[in-house]
Structure formats: C-alpha cells, structure tokens
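First the structure, in the form of structure tokens, and then the observations on it.
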Amino acid sequence: MGLEIEPSGQACGATVRGVDLRASLSAETVAEIRTQWLEHKVLSFPDQILNDDDQGRFTQYFGPFGDDPFFDPVDGHPNVAAIHRGADETTPLFAESWHSDWSFQQFPPDGTCLYGRVIPPAGGDTLFANQTKALQSLPPELRAQIETLNGIHSARLSYAPDGMYGEHDDAAGRQMSITYDESAYDTQLHPLVRTHPETGEATLYSTIGYIIGIDGMTEADARELLISIYHHQIDEAVQYRHVWEPNMLVMWDNRCVLHRATGGYEGHERLLHRTTIGYNTNP
Ligand code: SIN
C-alpha cells in the first residue's frame, strides 16, 4: 500500500500514514517520503512506536547524521538529543525564537527529525514558517534589495560564554543538557535568498537571531533590514502550527522552513528525541 498523505491545509505540513517506521524501508518508499517532504516541507507520522535506533535509521535514509554542537546527546546514542522540559521547570523555554537549525555552520543540516515521547495534554505546539511563501510575499523592492546579500550567521547570542546559555545562565532545574563554548563566536556567511538544492525554489534562509548582521552593511542598517524581512518571514499566512501526539515523528526541511517551540504546558513534562539530517552533497 502506498503512503496516505493528508495536507495540513496551512502554509506547509502534511500527515503521513500507511508506513511502519520500525521496519526497513524500501528505496521506493524512501523516495516517496522524500518527494512528499520536499513538497510539504514538514511531515508528521503519527502512531509510530520507535526507539532511538529506529529514529536514527529513519534519519539516515535522508542524509548523514548532522553535527549537533551545544547539546549533550542521550546516553548510548551520540546522534540523539533530548528536548526535555520538566513539569515544574521555570527556565526559559528552549528554542522559543524562530530559527533554522544550526544555520551558523558552514554546511547547515538539511533537516531535523523530532519524536514525541512525553507530550503534554495541551500546549507545546511547534510552529513552522514556510520561507518559500515568505519570499514570495516580499514587496518587489525589498526582495530586490536583499537578493544578492549574505547574512552573517553566528551562535553567539545563544551559546557563547556571554550568550543566553553561557556563564550567566541560571540553569537550575533545567532538564536539557545545553553547553556553551568559544566556538559560538565563529561566523559564517550564507545568502539571505537561496535556491533550494532539490526543488530549485527560491527561499529565504534563516532569520535574525542566528543572523547577526549582513556582510558589507553597518550593524544598524542590517538590523533594520533583517527586521523588515522578519515580519514577512513569520506572518501567520506562512505558518503551520504542529500539534503533537505521543509516538509521533516529525521531519522538517531546514532549507526552507523556520520553526520555534511554544509553551503553555506548565505543570506537565514534555520530552522529544531529536536527530539531525546533515548536509547532503548528493541528495
Ligand atoms: C527544536 O527547535 O528543536 C525544538 C522545537 C520544539 O521543542 O517544539
């Protein structure tokens, strides 16, 4: 039986049924999933009972494991990280700002897989924003202004010693194991507008936060320009709200969506396991 695909009806996202991700997948099924992933950008697979090995095997159908800095992995699984918040935790929410995963790397990851283990009864949705649609929504003069510019990406605001998770972070009670180091000061240039290597679609790439400036512009001018793009990048019209269920695997395409975590589940635990689909030179 082929895959059953139910589009979300929002700016991206689809639910996929008719496949058991515990099994080895045929090349044909993997190709079918990849086609749907490229079309819908975010795929969710409900009712999948997976362990970390299953999640790792699924991830590697789509590329090599990515390099995950600033997290300690879960025991025994160097490529799996826990996105975990305790029921009574009061630290700032992890990943609450819009971002594309690890965009500050030279070769940022193509995608991310997140598997819901403990899901609160309400709240904790993940928001996605379709950056192909966001680019299409830019006024022509704004698009022309940014078309050839390169963003300066860096992890420093979050993971440097003086960043949010650095020396002054009050991590008391935090379930997640987040680390910081000097490498977060490194910078990397990427075009603000990129061509998706598989679909050929033009798309905005990443956003203010991991983009700390624009090559060749003053900090103030860059900030103003990044903020004017940001309003389009996260407009409700380009969003998809993902509502989690336990035993659901979600995969998203970092090359053309932004995402962010949301709260609203105080008093309840939330635990997801995350794997990264690395940069694929030959998708
Ligand atoms: C993430 O950005 O990896 C986490 C998203 C979430 O917790 O919803």
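We're numbering straight along the sequence, starting at 1. What you are looking at is a predicted structure, and each value in this text was computed from that prediction instead of being measured. Just so you know, ligand 1 is whichever comes first in the structure, and atom 1 is the first atom listed for that ligand. Below, each value reflects all heavy atoms present in this structure, side chains not excepted, and no hydrogens, waters or symmetry copies.
Salt-bridge formation is not detected for the pair Glu219/Arg223: no Lys NZ or Arg NE/NH1/NH2 atom is positioned less than 4.0 Å from an Asp or Glu carboxylate oxygen.
At least one N/O-N/O distance between His259 and ligand 1 falls below 3.5 Å. Considering backbone and side-chain atoms alike, Thr262 places every N or O at 3.5 Å or more from each N or O of ligand 1. Distances between N or O atoms of Trp244 and those of ligand 1 include no value under 3.5 Å. Looking at ligand 1, you'll find an N or O of Arg274 within less than 3.5 Å of one of its N or O atoms.
Looking at Ala261, Gly263, Gly116, it is Ala261 that brings a heavy atom closest to atom 6 (C) of ligand 1.
Atom numbering of ligand 1 starts at 1 in the shown order; those under 4.0 Å from a heavy atom of Ala95 are 1 (C), 2 (O). Close approach of ligand 1 to Thr126 (heavy-atom distance below 4.0 Å) involves ligand atoms 6 (C), 8 (O). The Ile83 neighbourhood of ligand 1 comprises atoms 7 (O), with distances under 4.0 Å to a heavy atom of that residue. The distance from ligand 1 to the heavy atoms of Arg270 drops below 4.0 Å at these ligand atoms: 6 (C), 7 (O), 8 (O).
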Determine, step by step, whether His40 and Asp253 satisfy the side-chain hydrogen bond (donor to acceptor under 3.5 Å, both in side chains) criterion, reporting the C-alpha distance in whole Å, the side-chain angles of both residues, the deciding distance to 0.1 Å, and the verdict. CA-CA 9 Å; His40 298 286; Asp253 188 338; over 6 Å; no

Could you walk me through whether Thr91 and Asp169 satisfy the side-chain contact (heavy atoms from CB on, under 4.5 Å) test, starting with their C-alpha distance in whole Å, then the side-chain angles of each, then the deciding distance to 0.1 Å, before giving a yes or no? CA-CA 9 Å; Thr91 66; Asp169 174 35; over 6 Å; no

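The shortest side-chain heavy-atom distance between Leu50 and Arg22 falls under the 4.5 Å cut-off.
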Could you list the donor-acceptor pairs under 3.5 angstrom formed between side-chain atoms of residues 66-73 and any protein atom two or more places apart in sequence or on another chain?
unit_1, atom_1, unit_2, atom_2, d
Asp68, OD1, Trp102, NE1, 2.7
Asp68, OD1, Thr276, OG1, 2.7
Asp68, OD2, Thr276, OG1, 3.1
Asp72, OD2, Ser177, OG, 2.6

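Under a 4.0 angstrom heavy-atom cut-off, His99 registers as being in contact with ligand 1.
Sorted by first and then second residue, the pairs that involve residues 162-192 and meet ring-ring contact (aromatic ring centres under 6.0 Å, His included), not counting sequence neighbours, are His153-His190, Tyr159-Tyr165, His190-Tyr205.
Between Tyr210 and His99, the ring planes lie perpendicular to each other; the angle is over 60°, past the 30° to 60° tilted range.
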